[in-house]
Amino acid sequence: MSVHIRFLGGAGTVTGSKYLVEHDGQRLLVDCGLFQGYKQLRLRNRDPLPVVPGQIGAVVLTHAHIDHSGHFPLLVKEGFRGKAWCTAATRDLCQILLPDSGHLQEEEAEYANRKGFSKHHPALPLYTEADARTSLKQLRTVRLHETFEPLRGWQARLTNAGHILGATSVLIEVGGRRLLFSGDLGRPDDALMLAPEPPPQADVVVCESTYGDRVHPKEDVLAELGPALTRLAARGGTAVVPVFAVGRAQALLHAIGQLKARGDLPHGLPVYLDSPMAVETTELYERHVSEHRLNAAQCRDMERVARLVTSVEHSKAIARQHGPKVVLAASGMATGGRVLHHLTQYLGDHRNMVVLTGYQAPGTRGAHLAQGTQSLRIFGQEWPVRAEVVQLTSASAHADADQLMAWLTQLSKPPHRVFVTHGDMEAADALRARIEHQLGWRAMVPEHGSTWLA
Ligand SMILES: [Zn+2]
């Protein structure tokens with residue numbers, strides 16, 4: 001009985017990761033992410049899946065980032081009744097991220113209806129905060145390296161992928177085949193996260209390629225961030241830092257803390273973490289202290305770097321604070337969240353700064369800013385961009401092309417095939433070419449929606 005993989009997302013793009021494994025009438029979905037970025041990608045979130053969710057038996061989530069987990073409440077809403085397996089840290093993060101994702105969608109739909117700029121009448125959220133909370137009941141936690149049976153006759157095992165708290169690669173054994181999904185791989189030299197584990201032996205590997213065509217600069221984040229924020233403090237501006245609530249927010253807090261401790265930044269420079277999710281996530285680092293490089297005391301230091309903003313009133317009050325300051329707010333690619341209000345507030349003044357901290361998917365506001373756009377569309381209105389835009393090249397949570405190759409090379413035997421996913425076309429194809437030419441393995445970039453024999 002053959003094993004098939006269908007690429008329902010994360011193929012030719014970094015977002016929407018959803019890989020359906022089918023064998024003998026049973027189906028398991030590896031990751032269940034939302035599409036983000038270009039509108040034509042986001043519209044895919046509204047397309048029905050080619051498989052009825054009720055006919056999917058189980059889900060495995062590699063990690064909690066919304067482009068890997070954000071479709072899950074919709075899957076449940078549309079009839080998925082199985083379990084979704086993940087690490088405890090991923091579950092803890094999903095408890096924060098998924099209800100927030102539902103809440104954001106409700107807010108956006110409500111805002112679009114009120115302002116009348118949606119083409120859909122009325123604009124509807126994909127799912128609500130309540131839907132997301134309901135879906136959480138189907139999460140089941142499993143320890144790293146523990147073999148579990150997501151479906152009768154199927155075995156699965158999670159290994160540490162670095163990247164963010166709880167992130168894993170997953171090995172699925174079914175029908176005599178060993179399928180390895182890399183998940184998002186972190187970098188071995190990450191300041192906070194541990195290096196990804198070497199991959200277990202597999203017949204088929206589905207490997208991410210976010211940075212498949214790039215190598216990270218040797219420069220560290222302190223060397224990039226220090227001079228930028230010093231410049232900002234000197235001219236009395238405000239730095240808006242769009243951050244992912246999970247991962248980048250903590251990396252930035254840790255970096256700012258180190259800069260202040262070294263005396264490279266004024267101790268009194270106010271730093272705000274304006275994201276209730278990021279605040280909660282930062283606290284989780286202490287609960288899962290064995291899964292990253294910081295000890296409990298360092299976790300608490302990281303929490304103390306910023307003034308934590310949880311209420312909307314406090315968020316708005318930040319704008320009335322005079323003098324230089326740094327505001328970290330989600331989302332990381334400025335696709336939504338409180339950072340949008342801060343951008344409308346600060347984009348127009350050349351004393352201010354926007355610090356982009358990680359990968360910016362094409363089509364997002366973050367990518368437009370990185371490309372030097374003169375104006376940015378937010379809440380249906382154009383805002384002139386006069387603030388300095390700084391892109392940190394060293395703050396990525398992903399392995400670069402060399403590090404991805406090094407990870408793959410640790411496989412004890414060449415796999416029959418590598419599917420290169422989770423990358424823009426150029427990045428995915430560049431990694432495919434390196435795998436074929438340097439390792440002599442069969443590699444391909446699957447098309448969205450395509451089905452392959454494993
Ligand atoms: Zn991720």
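Any value given below was found using the heavy atoms of this structure, including those in side chains, with hydrogens, waters and symmetry copies removed. Keep in mind it's a predicted model, so treat the numbers as computed, not measured.
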*Proximity of His71 and Phe35 rings by center, below 6.0 Å*: no
*asked:* Let's go through Asp301 and Leu294 carefully: what are the C-alpha distance in whole Å and the side-chain angles of both, what is the deciding distance for side chain to side chain contact (heavy atoms under 4.5 Å, CB included) to 0.1 Å, and is it a yes or a no?
replied: CA-CA 10 Å; Asp301 286 345; Leu294 303 186; over 6 Å; no
_For His422 and His68, I'd like to know if the aromatic rings sit close, meaning centre-to-centre distance below 6.0 Å._
yes
*Please work out whether the ring planes of Tyr285 and His292 are parallel, tilted or perpendicular, with thresholds of 30° and 60°.*
tilted
*From Lys325, Arg351, Gln321, Gln345, residue fulfilling side chain to side chain donor-acceptor pair (under 3.5 Å) relative to Thr238*: Lys325
_Whether Lys316 side chain and Ser311 backbone form a donor-acceptor pair below 3.5 Å_ = no
*Spacing of OG1 belonging to Thr451 relative to CZ belonging to Phe7, to within rounding of 0.5 Å*: 9.0 Å
*Under 3.5 Å, side chain of Ser209 to main-chain N/O of Gly212, donor-acceptor pair present?*
no
*Using a strict cut-off of less than 4.0 Å between a Lys/Arg side-chain nitrogen and an Asp/Glu carboxylate oxygen, indicate whether Arg386 and Asp349 qualify as a salt bridge.*
no
_Non-neighbouring partners of Glu388 that pass salt bridge (Lys or Arg N to Asp or Glu O under 4.0 Å), sequence neighbours left out_ = Arg231, Arg235
*Do Leu171 and Leu179 come close enough that some side-chain heavy atom pair is under 4.5 Å?*
no
*Within 6.0 Å of CD in Glu382, more than 12 heavy atoms from elsewhere*: yes
*Shortest non-hydrogen contact from Ala334 to Gly366?*
CB-N, 4.3 Å
*Could you note down all residue pairs passing side chain to side chain donor-acceptor pair (under 3.5 Å) where residues 396-409 supplies at least one of them, sequence neighbours left out?*
Glu208-His398, Thr210-His398, Asp402-Arg434
*With sequence neighbours left out, what residues match Glu110 under salt bridge (Lys or Arg N to Asp or Glu O under 4.0 Å)?*
Arg114
_Residue from Val326, Leu229, Leu225 passing side-chain contact (heavy atoms from CB on, under 4.5 Å) with Leu265_ = Leu229
*Thr230 side chain to Gly226 main-chain N or O, any donor-acceptor pair under 3.5 Å?*
yes
*Are Phe181 and Val204 close enough, and set up right, to give a side chain to side chain contact (heavy atoms under 4.5 Å, CB included), and what steps lead you there?*
CA-CA 9 Å; Phe181 297 83; Val204 170; over 6 Å; no
*Inter-residue atom distance Asn160.CG - Ser169.OG, 0.5 Å rounding*: 8.0 Å
_Testing the basics here: between Ala367 and Ala361, what is the closest heavy-atom pair and its distance to 0.1 Å?_
CB-O, 3.3 Å
*Working to the nearest 0.5 Å, report the span between CD1 of Ile378 and CG of Leu347.*
5.5 Å
*Does the side chain of Glu303 come under 3.5 Å of the side chain of Thr282 through a donor N or O and an acceptor N or O?*
no
*Would a line drawn from the ring center of Phe244 to the ring center of His65 be shorter than 6.0 Å?*
yes
*asked:* Minimum heavy-atom separation for Pro242 and Ser331, please, with both atom names.
replied: CB-O, 3.3 Å
*Look at the side chain of Asp190 and the backbone N and O of Arg187, then say whether any donor-acceptor pair between them is shorter than 3.5 Å.*
no
*Is a donor on one side and an acceptor on the other found under 3.5 Å between the side chain of Glu280 and the backbone of Met277?*
no
*Mind listing the closest non-hydrogen atom pair of Ala278 and Leu273 along with its distance?*
CB-CD1, 3.8 Å
*Which pairs count as side chain to side chain donor-acceptor pair (under 3.5 Å) when at least one residue sits in residues 352-374, sequence neighbours excluded?*
Tyr359-Asp424
*Hey, could you give me the CG/CD distance between Leu104 and Glu129, rounded to the nearest 0.5 Å?*
9.5 Å
*Atom OG1 in Thr168, atom CG in Leu61: separation rounded to 0.5 Å?*
8.5 Å
*Answer whether the closest heavy-atom distance between the side chains of Leu343 and Trp383 falls below 4.5 Å.*
no
_Going by side-chain contact (heavy atoms from CB on, under 4.5 Å), His342 matches just one of Val241, Val327, Leu328. Which one?_
Val327
*Does Asp31 use its side chain to pair, donor to acceptor, with the backbone of Thr62 at less than 3.5 Å?*
yes
*Do the side chain of His437 and the main chain of Ala433 share a donor and acceptor less than 3.5 angstrom apart?*
yes
*4.5 Å side-chain heavy-atom contact, Met353 and Val240*: no
*Say whether, by atom type as modelled, one donor and one acceptor occur between the side chain of Lys260 and the main chain of Leu269 under 3.5 angstrom.*
yes
*May I ask you to decide whether Asp47 forms a salt bridge with Arg44, counting only side-chain N to carboxylate O separations under 4.0 Å?*
no
*asked:* Contact between Leu136 and Phe72 at the side-chain level, heavy atoms closer than 4.5 Å - yes or no?
replied: no
*asked:* Checking Val205 against Leu408 for the side chain to side chain contact (heavy atoms under 4.5 Å, CB included) test, could you report, in this order, the C-alpha distance in whole Å, the side-chain angles of both residues, the deciding distance, and whether it holds?
replied: CA-CA 9 Å; Val205 179; Leu408 285 168; 4.0 Å; yes
_Suppose we screen for side chain to side chain contact (heavy atoms under 4.5 Å, CB included). Which residues come up paired with Glu78, at least two apart in sequence or across chains?_
Pro53, Leu74
_Less than 4.0 angstrom from a charged side-chain N to a carboxylate O is my criterion; do Arg432 and Asp429 meet it?_
yes
*Would a 4.5 Å heavy-atom cut-off, applied to side chains only, mark His163 and Leu185 as touching?*
no
*Would a 4.5 Å heavy-atom cut-off, applied to side chains only, mark Met193 and Leu165 as touching?*
yes
*Nearest atoms (heavy-atom pairs only) where Gly257 meets Val305*: CA-CG2, 3.6 Å
*Mutual orientation of the aromatic rings belonging to His341 and Phe379 [parallel < 30°, tilted 30-60°, perpendicular > 60°]*: tilted
*Which atoms form the tightest heavy-atom contact between Ser135 and Val76, and what is the distance?*
CB-CG2, 3.7 Å
*asked:* Quick check for you: to the nearest 0.5 Å, what is the distance between Thr15 atom OG1 and Asp67 atom CG?
replied: 6.5 Å
*Let me see the working for Arg307 and Val271 under side chain to side chain contact (heavy atoms under 4.5 Å, CB included), right down to the final yes or no.*
CA-CA 6 Å; Arg307 303 176 195 187; Val271 178; over 6 Å; no
*Any donor-acceptor N or O pair under 3.5 Å, side chains Asp131, Thr134*: no
*asked:* Is the ring pair Tyr272/His314 parallel, tilted or perpendicular, if the boundaries are 30 and 60 degrees?
replied: perpendicular
Table please: side-chain donor-acceptor pairs of residues 84-101 below 3.5 Å, with sequence neighbours left out.
| from | atom 1 | to | atom 2 | distance (Å) |
| --- | --- | --- | --- | --- |
| Thr87 | OG1 | Thr90 | N | 3.2 |
| Thr87 | OG1 | Thr90 | OG1 | 2.9 |
| Thr87 | OG1 | Gly166 | O | 3.0 |
| Thr90 | OG1 | Gly166 | O | 3.0 |
| Asp92 | OD2 | Arg287 | NH1 | 3.0 |
| Asp92 | OD2 | His288 | NE2 | 2.7 |
| Ser101 | OG | Gln105 | NE2 | 3.1 |
| Ser101 | OG | Tyr127 | OH | 2.6 |

